[in-house]
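None of these values were measured; they are calculated from a predicted model. Chain A is the first sequence line, chain B the second, and so forth, proteins listed ahead of strands; every chain is numbered from 1.
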Protein chains: 2
Amino acid sequence: MPTPEMPTPESTTEAPQDFEALKAVILERKAQLPKRLKQVAAYSLDHPDEIAFGTAASIATSADVQPSTLVRFAQHFGFEGFSSLQQIFRARLRERTPGYEDRLKALRGNDHATLESGSIFNGFVAAAHRSLDNVARAIHPEAFEKAVDILAKADTIFLIAKRRSYPISSYMAYAFGKLRVKYQHVGTAAGIDDDLLAMATKQDAAFAVSFSPYASESAAQARFLANRKVPVVSLTDSAFSPLAESSKVWFELVEADHAGFRSLSASMAFAMALTVAIAEKRRRQGDSGGS
Amino acid sequence: MPTPEMPTPESTTEAPQDFEALKAVILERKAQLPKRLKQVAAYSLDHPDEIAFGTAASIATSADVQPSTLVRFAQHFGFEGFSSLQQIFRARLRERTPGYEDRLKALRGNDHATLESGSIFNGFVAAAHRSLDNVARAIHPEAFEKAVDILAKADTIFLIAKRRSYPISSYMAYAFGKLRVKYQHVGTAAGIDDDLLAMATKQDAAFAVSFSPYASESAAQARFLANRKVPVVSLTDSAFSPLAESSKVWFELVEADHAGFRSLSASMAFAMALTVAIAEKRRRQGDSGGS
DNA sequence: CGCGAAATGGAACGTTCGTTCTATCGTGAC
DNA sequence: GTCACGATAGAACGAACGTTCCATTTCGCG
């Protein structure tokens, strides 16, 4: 009889999958742990960063135990070895976003969780939340102030965006229209763009948006304006964006994605804030700059 | 006095000691970097977490370079090897986003004085969060399923949106293009819209978006299609929307606002989910609906 | 077109890693 | 006292690591 070498039916992993769960289990069983394992338990909760970055050998030295003890500790809690336990500690550092946990739990609890297309729906909502959580960190208030300054001073604001970025500029175009801020939307009808840009002067300014993979047209148009001393403000997702070098001020904003489709929420929120801040500054200066 | 231009006799190692300094140096010298090193430079700033946790081999694979290139990159910036550069990225994760909390508090403290546009910015991010928190409640999974059904079956999907809703449909147009879903964007150039709509048949379907104050054109176009037995799915913000009566399925979605400017994040997340769900359903049915 | 320098890819190297294995230790039962 | 058994320390091992080295390619310049 070919018996599978599996003495215990529970040898299938019941290991905690996130740090909070792991912490709970450790605290719960801490009292009944052998001496050395208790020592590791205390160390792991007191120095989680060390566990995340260190090697088994270095951690063992710090915690004053043998490396093999770390392995036994990990296996004691259902992990295959020390390395897989370490992943929990690393994941904790990656996704440290306050409030995010609660939102995700709320999402899991809703009706959409059951249906298949519902998980797509929840996925995009979660991605949007993540994007927004990051955006405040990514945007420096001083830079934002400066961008508002530049664009509020401009006579006409040129909006440059293609493809995936186009919805952002088209929102700004709509809002600028309502707010009576003079603008030119570049990239709507092909052919006349160059003529439009040729009319730009130092008194104007431009706002360009482009995310990887960058539309070469947008980069070229931004460069064209920069060469003509038209100040350019840009929104992109990497310091290596071709837009950056043409810009007086630029913002680096990485959207979270679901299934490879990047959110637009953070960019949109940014665009709205910029638009309104510009209009507000103009209103206060009593200079509408409009038609 | 440290002279900026140094012919690089490599006298003393002047490696940056923290992430911000490193980032600054990389950005400063990125233009003069060889191809592969520039590639690493971009990757390192775009995926700092990967650098922190990964191994030289795994990072090299992700960044599509050789491990040795990573070492050369590190040495190029004054580090002894890749490992010591990696320490910088790890230290960055250890420090809990220093300064950010303070900056936020400072912003909240100074409501009107110094950084007024900062509060505008925070306001829009908060509004977007609120919108997203509501959207899962507002959208019924069954209705979503049905909408996906209708639109996935369609030969051509007509996208109807004006003004404030236009960014939403223009994102969908972009995504449909990428996903090879046949669509017609209604409302781009005035005049030919009616001719476009006249070509719609029962085999097609439409997705209309309109929020209060409703664009009368959008409502009229939706009605026109409904009369011709073209199924219409719509996204709006009230049960009394003129779109509702023309629609087979409609969604009521109220965006939160800041200073009277409504967010678009919930609508965008909805649009993305709908778009991807449609494409996913088509893919599974092996029916692309035309190229 | 040809030359020299710089950059690159990839194999090879010595090191260090996490894990396993086993002899020894400590402890409670009888 | 000694037997049984889990816990422990530490050596041993294969795998994977970061680094180095060198042949080849690419680039800039006369």
Between B/Gln39 and C/dT8, does any side-chain N or O lie under 4.0 Å from OP1 or OP2? no

Does the cation-pi check pass for B/Arg92 over B/Phe19, that is, NZ or CZ under 6.0 Å from the six-membered ring centre and within 45° of its axis? yes

When you check the phosphate oxygens OP1 and OP2 of C/dT8, does a side-chain N or O of B/Ser68 lie under 4.0 Å from one of them? no

Rounded to the nearest Å, what distance is computed from the CG atom of residue B/Leu70 to the C1' atom of nucleotide D/dT19? 12 Å

Is the ring centre of A/Phe53 less than 6.0 Å from the ring centre of B/Phe53? yes

Phosphate OP1/OP2 of D/dT8: any A/Arg72 side-chain N/O under 4.0 Å: yes

Does a side chain donor of either B/Ser58 or B/Thr55 reach within less than 3.5 Å of an acceptor in the other side chain? yes

Find the distance B/Arg90:CZ to D/dG18:C1' and express it as a whole number of Å. 12 Å

Please report, rounded to the nearest Å, how far the C1' atom of D/dC27 is from the CD atom of B/Gln32. 17 Å

Ring geometry between A/His258 and A/Phe124 (parallel below 30°, tilted from 30 to 60°, perpendicular above 60°): perpendicular

Could you tell me how far apart B/Lys35 (NZ) and D/dG28 (C1') are, to the nearest whole angstrom? 16 Å

In whole angstroms, how far is the C1' atom of D/dC17 from the CZ atom of B/Phe82? 11 Å

Please check this pair: side chain of B/Arg90 against backbone of B/Ala52, looking for a donor-acceptor N/O pair closer than 3.5 Å. yes

Does OP1 or OP2 of C/dG10 have a side-chain N or O of B/Gln66 closer than 4.0 Å? yes

Figure out the CG/P separation between A/Leu85 and C/dG18, and round it to whole Å. 12 Å

Closest to side chain of B/Val71, choosing from D/dT20, C/dT20, D/dT8: D/dT20

Just to be sure I understand the rule, does B/Pro34 reach a base, reach only the sugar-phosphate, or reach nothing, if contact means heavy atoms closer than 4.0 Å? sugar-phosphate

Between A/Phe89 and A/His47, is the ring centroid distance below 6.0 Å? no

Answer yes or no: does a side-chain N or O of B/Ser83 lie under 4.0 Å from OP1 or OP2 of D/dT19? yes

Taking the six-membered ring of A/Phe77 (Phe, Tyr or Trp), confirm whether the NZ or CZ of A/Arg29 is under 6.0 Å from its centre and within 45° of its axis. yes

Given atom NZ of B/Lys38 and atom C1' of C/dT8, what is their separation to the nearest angstrom? 16 Å

To the nearest Å, how far apart are A/Gln75 CD and D/dA7 P? 13 Å

Using a strict heavy-atom distance below 4.0 Å, which residues from residues 52-63 of chain B are in contact with DNA chain D? B/Thr55, B/Ala56, B/Ala57

